[in-house]
Amino acid sequence: MSEIISQSVLRGLAAEWIAGGKSVAGPARVKPDLVLYRTLRSGDDLLLEGFQRPSNSIKDFLFPKAEKLYGYKIHGNSIELIENDSPEPAQVIIAARPCDAAALPILDHVFNWDFHDEFYNRRRAATTVVTLACSAHDENCFCTSVGLDPGSERGSDAILFALGSGQYEVRCATEKGHALFDGKTEKSERTGKAIAGPEKRFDAKAVRAFVTTHFEDPFWNEHALTCIGCGTCAFSCPACHCFDIVDAGPAAGNARVKTWDSCQFSTFTAHASGHNPRPVQATRQRQRILHKFAIYPEKFGEILCTGCGNCARNCPVGLGVLSVATEINHG
Amino acid sequence: MSRIGVFTCWCGENIARTVDVDEVAKRVAELPGVRCSLNYKYMCSDPGQAIVREKIATEKLDGVVVASCSPHMHLKTFRKAAQAAGLNPYLVEMANIREQCSWVHHDRVQATAKAFEIIRLSVEKARNDAALQPIRVPVTRRALVIGGGVAGIQAALDIADAGHEVVMVEREPSIGGKMAGLSETFPTLDCSQCILTPRMVEVGQHPRIKLYSYSEVEKVEGFVGNFRITIRQKARYVDVSKCTGCGECWIICPLKRNPSEFDYGMGMRPAIYIPFPQAVPARPVIDKSQCAKLIRNGCGLCEKKCKAEAINFKDEDRLVEEAVGAVVVATGYKLYSIAKSQPKATLAGYGEYGYGKYKDVIDSLQFERLVSASGPTGGVLKRPSDGAIPKSVVFISCVGSRDNAKGLPYCSKICCMYTAKHTMLYKHKVHDGQAHVFYMDIRAGGKGYDEFVRRAIEQDGAQYYRGRVSKITQEGGKLVVRGADTLAGMPVTIEADLVVLAAAMRPADGIEELAQKLNIGCDEFGFLLESHPKLRPVETNTAGIFIAGACHSPKDIPEAVAQASAAASKVQVMLAADELTREPEIAAINEQTCAACFTCIRTCPYHAIDRAELRTPRGAFIKNTARVNPGLCMGCGTCVSVCPSKSADLQGFTDQQVYAMVESLA
Amino acid sequence: MSKAQEFEPKIVAYVCNWCTYLGADLAGTARLEYPPNVRIIRLPCTGRIDFNLIIKALEVGADGVLVSGCHPGDCHYTAGNYHARRRWILFRELLDTLGIDLRRIQFTWISAAEGRKWQQVVTEFTDQTRKLGPYKELYATGPFPDVPAPETASPGVKSFAAESELREVCGKLLAEGTVKVVIGYGARGPVVVTRAEDAERLVWNNRCFSNLTAYLKRKEIKSLGKAAVIVKPCDEKSLVELEKEAQFERKDAHVIGMACEGVDQPKCAHCTARTPRFADVTLGVEAGPEPQTSPSPNRFAALMAMPPAERMAFWTEEFNRCVKCYACRQVCPMCYCERCIVDKNRPIAIDPAPSTKGNFAWHIARAFHLAGRCVGCGECSRACPAGIDLALLNISLHIAAQKNFGYEAGIDPKAEPVIGSYTLHDTEAFIR
Amino acid sequence: MNIGYYPGCALHGSSNDCEQSLRACLSALDVQLGEIKDWICCGATAAHSLNHKLSLALPARNLAVAERDGFKQLFAPCPLCSMQLLKAKKAVADERVRKELSEIVEADVRGESEVLNLIQLFEKIGVDRLKPAVKAPLESITAACYYGCLLTRPPDVVHFDDFEQPSSMESIVAALGAKTVEWNYKTECCGAGMTMCNEDIVLELAHKILSNAAEHGANCLVVACPMCHVNLDMKQAAVERRFGKKLGMVVYYLSDLVGLALGLSAEQLGINRHFVTQA
């Protein structure tokens, strides 16, 4: 027997959560050709079909682009610190893509590695992730190449499978999932099944082998010539987690803010002395692939990429992990 | 910067009456970075300054803010006091709580609150101050004088007598300028050559004056104290060192019939000539457009005749470089050309006066030559057409000047005076002659000037008509001058033998190109732009370049000489020390981050920024950059605000300081 | 409200040291009283007052900003105020487009002798700002009519006829060694080809969006030797501006101009300049734009038709999506600074965090740095992952430069760039 | 070349000889004169002494009529007419005035057509076209070119030649093979309308003009204005009686000389209708 729920009930539930003070986020059509995960204002703000995946990731709601760590005020020669310990509101992310949810365990490891990031953990605890299995994939999706598939439940509290005609099967994986959906679904024999993933585009192990042994290979120079060094790939990637800490606001009363950073920026590894260990874009592109396919797996045992294809989709010049990895394989 | 001393002044009761100075001093003490905060009745007084010096020592302050009057009043005073106590003067700031607070806000609570915030602004600025050293620029203690007229001569002599070497560049074969061509000068009627020639000889023989005659300034590089001048010595075809000036060559030269530029076409000169007898240097020049030898390799008599073998037909222009610390521009004037076709689109000519059509219509400088003893007619006034003595001469003033339709709206200042002089000279030479003058207003404001004009009218019988001349036609050998006498209220027709036009004064030819070479401005008529009409009349906006004489605006000889001495004294001030010190509050560019777009170079009003290259110690090219020339930058900061990558900054008003001040208002 | 609680506006005044500051001093010596709300910041010249200071004042909570200096012609530094006036004219147009309340920013000329005028200006400006109340509308969200979104690129690749000719030409150039590298378009995006046989990877179709002139500044590409760059007529305009700013010399590059048939970008719908003008070689034949059944909606007009509060709400919404990935900066050929203004942290000129305030400051700086320089290639809007309609900011300044100074970027190689030059009679109706 | 033609009151009336001369010589140069229909008086010098707006409205209507008939160029042989038309053309450049005048004359005045006087017409045809067409070069003619006071004035309205020292007629006359003299009264007034109400002023002025031309060696006068022709030709006999001296100075229209040079006869050009024929 399977639990199913209709789209209208689902939207009603979302409206309920919002009314109940929860912060509900999900895909929304912001502009005719732009779908983003966004905090929803109402149930019918939620977009459930007619798009492949949003061009940002649910990382926005757990590891936000700008997070005030603490404030400080300078009085005379003393400084007063203002803690930022306001409680996080309960949060529901609905209709996330499996490749988004699969990245959460990755972030959990990083933010609880040698230092437990309480900001992240507080927010993570208050968040329930409801995934919507993919019903299609495009030329940029490559979840199958990194050991995932359109229906993978990794990282999600509950997963919806579209059954067509506005019906979805709900499978709750965790208590948080059950807490949300228990009593709200009906029994049915119809079970949903995710579509088959895209065929494997590259062999992740071969990529790992290549990057660990071809550090000086001219391939990097040639391939990265057209990379313009912006932060689009890193910032739209569900798994990328690098951040910078900056002071924002006037000197007298300031706030220390954690913001996203990207290894593709030229100033990312700029030293105060003026030296930059990664002076050209080739070294930065190499670093990104090295971190995702070799360094992170070496440390945490899993590939730092869920194959969502956002980097390829958003890159203004058509690069991204997919194009590098495929070229490494066929190069 | 964490040890700042704040000294709040009462200014007697000017501040203390409306601002609670104790309250302010107490609150300021808590400001970040403030080490000590006190107030005193008269900060600018000696005891007041003593407090500052003492606190700098005892509290080891590294920044001072004096909250009192406007920085324009006492910033220098307190900076000197701090320097005396060993603190770098540029670490001292002022907070204007008098003119901009206590005097304009009478509500005690508001005034006190505002005073505190004004002081906080200055404290934020002081906290981000950097110690600056005055800019030291080496000075080449030599000066360049462009132009050898009376102004140039006076400036050169003053500077040379003060012990500095002078390089004088004169375009004509001889120095002397326009004054050398005059007959007598108003208002004393003393002979122009008699008073000028001795000064010319003095220049020729002065040990510290290097005279480049028949030469022009080709290029000017460098900046105040360090100019590199390229001078073009035009080919003279006479070796000045060998020539003794005996004159055999210009006597033997067969080609006598070339109109003499010095006589403005009134007389002729040979192909090899000196412009006038008292020329300095008295060395001839061969006019290559007329000399048969140079054109068709004919003649060559002068070469044969010259015992000193000084003639050299192979001579060519030579470029010479001179290093100087200051430049005085004294290029003088020329007359408006009156003829129908004008060199500049904005000017129009007087077709109706027939200048250039009727031979006996001449301009004032041509008349000077005709009545000058060294002139082509030996001082006897013979009219150019047939050499007859003119019995009736009409002088027309304001020809071109004060006439918007002709494009020269300004008054040329000296024409009224020399026209009156001309009527006198004419009367003294032709006793039965009658001079007629058409004028609009008589402008005789100088010392003894008006009396001079009255004498020309009352004693020498010049007939003055207040009115304009409409047309001059030639009928039966007579020039019929049709004008109006507005005082009598009726038209006047005079049959004249000679008509003299008092043409407007315009700057010498090529002034615009010279101004561009020197990076100084000129106005729409070409006169050079002074730095400030009242306060700095002989300086220009480019440090180290001064102007004197008619090139700045129409003026008579006394004024030109006075301006020349003024410019010379300014040069002497500059050349007094080996080094020039300048305020260090100037721009500086971070050459690592400069994107070399050079917007700053386009923007800088002083051309103080140049392109430069960053190279490794071994000379390998790293990147292009813009670089500020500390000698020229005046510290306006315009480059700082147009620099996209924020690489340019202004010392004394750095971004760090300004942003800290704005953010302190949060 | 009683006198005490009545709202007292905070006013920041940037004044030049030689005229207005002395004018204020004169008001003091003449004991001319005026409200105490103004806080004076003394700078050597109006030329030194950069646009970002005006925004920084609003950021820190000023309710009114006064900017004043010497009358044109009186500047102690001869031209500082002329340069400043030119920038103010352009900057006001940008602020107006953003919906910032121009009544809160007052520009005036006050000479050292005009103490009375200083008193008058400060009094009137303070009263007016007091009536306007605290500047709550800054960064305020709120309802606004939707601005028509730019048309989207139609799917499907339509290659143009000149593609094969382009491959042939580039192959020959590389084979003969006239150029060492060809910067062109590949299947997925720009491609840098160094070997003749790789010329086959070059394409020419309706997806060739990128403005390849942005690659000419890259050290890695320069080090490869002389480059051939493929430009559409709109990209070619960038070369004109880059040459004016000493970033590029024509002799260093071989420009292959493509006669364009439109690449499905909003700019192509009404683009008529479809033939390159300065290219060394021109390939292909221009075509279109097809006559439009309904003219594409004028997004800029729709934006400017809104009242300022709604425009501000529109931009707050748009900028809130900005994640500061700087794709808009990196694709732009005119953004060639090694260290960008946003990377400078002593002082923090632009707030680095992607907060509302930080995003406004960044996009204002980026747009104003392109005043009179942006050639409208549209790449910043296309590259933005958050879909912010950045083209509207560039259009605002493009029109401003044209309307006020008759200058259009990328057209006339000899025309004086807008920033850094001035005329004696720039329009100054808004300056008191 | 098809040019709009505005005859004005003189050309059909007292100076019809000028029209005859014009039509003859222009047809020889195959230049068609299209007389604009329903033209009215141009206001001459009388109108603006009465009412400034009237002096603008009259010519403005003529401009509107010329535009209606589609003429890009409008030829007005009499300098008074051409000056008035140019004054109206300058006035309508100001949009407010243009609207006002259009209302008054009940026609849309745009003032786009180019106004030509007699000399400008020949300049338009061009010296390089005239020279080859010359069949009988005028060796015997030594002409004093007389412009009169209105052809070149007021300079900021007419913008034609140098208003004090004009030389445009001399270059045309020289192209016809004739010689010209430098003399003093090129642009002095001939008395114009005074010929009706105060004749002796005209006689005095005409005497100065004619005798100065003679003194400078001219054997004939060339004019480009019907009014001047009247005062110098018709009144020459009266001048000779008043000042008791024989002048016999033939006064040609510029079109007469062009016609003669093209080989036309005096009768065709209407020269026989002048008062002073061969000296």
Side-chain angles (χ1 to χ4, degrees), chain B residues 336-361 363 385 394 396 398-400 403-409 438 467-484 490-497 499 501 503, chain D residues 90 119 142 144-171 174 179-191 194 198 201 204-218 221 232 239 243 245 247 249:
Chain B
Y336 158 70
S337 65
I338 308 176
K340 214 157 78 167
S341 62
Q342 283 295 321
K344 255 167 106 177
T346 55
L347 300 179
Y350 281 85
E352 56 274 30
Y353 286 173
Y355 178 79
K357 197 162 77 171
Y358 306 127
K359 287 183 91 50
D360 291 334
V361 176
D363 70 28
S385 58
V394 169
I396 304 174
C398 296
V399 175
D403 191 338
N404 262 317
K406 305 301 179 189
L408 300 173
F438 285 89
R468 295 286 290 180
V469 166
S470 68
K471 193 159 197 179
I472 298 174
T473 52
Q474 192 162 38
E475 276 156 39
K478 280 277 183 191
L479 289 170
V480 177
V481 178
R482 284 184 179 68
M490 55 172 195
V492 171
T493 305
I494 296 174
E495 294 191 346
D497 302 323
V499 172
L501 307 175
Chain D
K90 184 176 185 191
I119 303 174
T142 313
C145 297
Y146 176 68
Y147 293 81
C149 59
L150 261 184
L151 209 55
T152 60
R153 295 197 186 90
D156 55 351
V157 170
V158 283
H159 299 298
F160 171 58
D161 209 336
D162 180 312
F163 55 92
E164 288 291 351
Q165 297 290 340
S167 56
S168 46
M169 207 190 310
E170 273 83 352
S171 37
K179 287 184 286 312
T180 60
V181 297
E182 277 302 313
W183 63 303
N184 292 339
Y185 286 83
K186 278 192 195 177
T187 52
E188 300 316 308
C189 182
C190 70
M194 291 299 150
N198 189 338
I201 284 189
E204 201 186 319
L205 291 175
H207 167 251
K208 273 195 186 147
I209 293 168
L210 292 166
S211 41
N212 190 274
E215 269 159 34
H216 284 80
L221 231 64
L232 295 171
V239 168
F243 294 88
K245 59 168 37 169
L247 291 164
M249 183 70 75

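Every value quoted in this text rests on a predicted model; they were computed, and no experiment measured them. Here is how names work: the chains are called A, B, and so on, in the same order as the sequence lines, proteins then strands, and each is numbered from 1.
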Tell me the closest heavy-atom pair linking B:Gln474 and D:His216, and the distance in Å.
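Between these two residues, the closest heavy atoms are O-NE2, 4.0 Å.
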
Heavy-atom distance under 4.5 Å between the side chains of D:Glu188 and B:Thr473, does that happen here?
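They are not in side-chain contact.
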
Sorted by number, residues from residues 154-163 of chain D in contact with chain B (heavy atoms, under 4.5 Å)
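Contacts with chain B: D:Asp162.
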
Spacing of CZ belonging to B:Arg482 relative to CG belonging to D:Asn184, to within rounding of 0.5 Å:
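It is 7.5 Å, given to the nearest 0.5 Å.
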
Return the NZ to CD distance between B:Lys357 and D:Gln165, rounded to the nearest 0.5 Å.
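Interatomic distance, B:Lys357 NZ to D:Gln165 CD, rounded to 0.5 Å: 3.5 Å.
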
Qualifying residues under salt bridge (charged side-chain N to carboxylate O under 4.0 Å, His left out), relative to B:Lys359, sequence neighbours excluded:
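Applying salt bridge (charged side-chain N to carboxylate O under 4.0 Å, His left out) to B:Lys359 gives none.
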
Heavy-atom neighbours of D:Glu204 CD exceed 12 at 6.0 Å:
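Atom CD in D:Glu204 is not crowded, with 12 or fewer foreign heavy atoms closer than 6.0 Å.
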
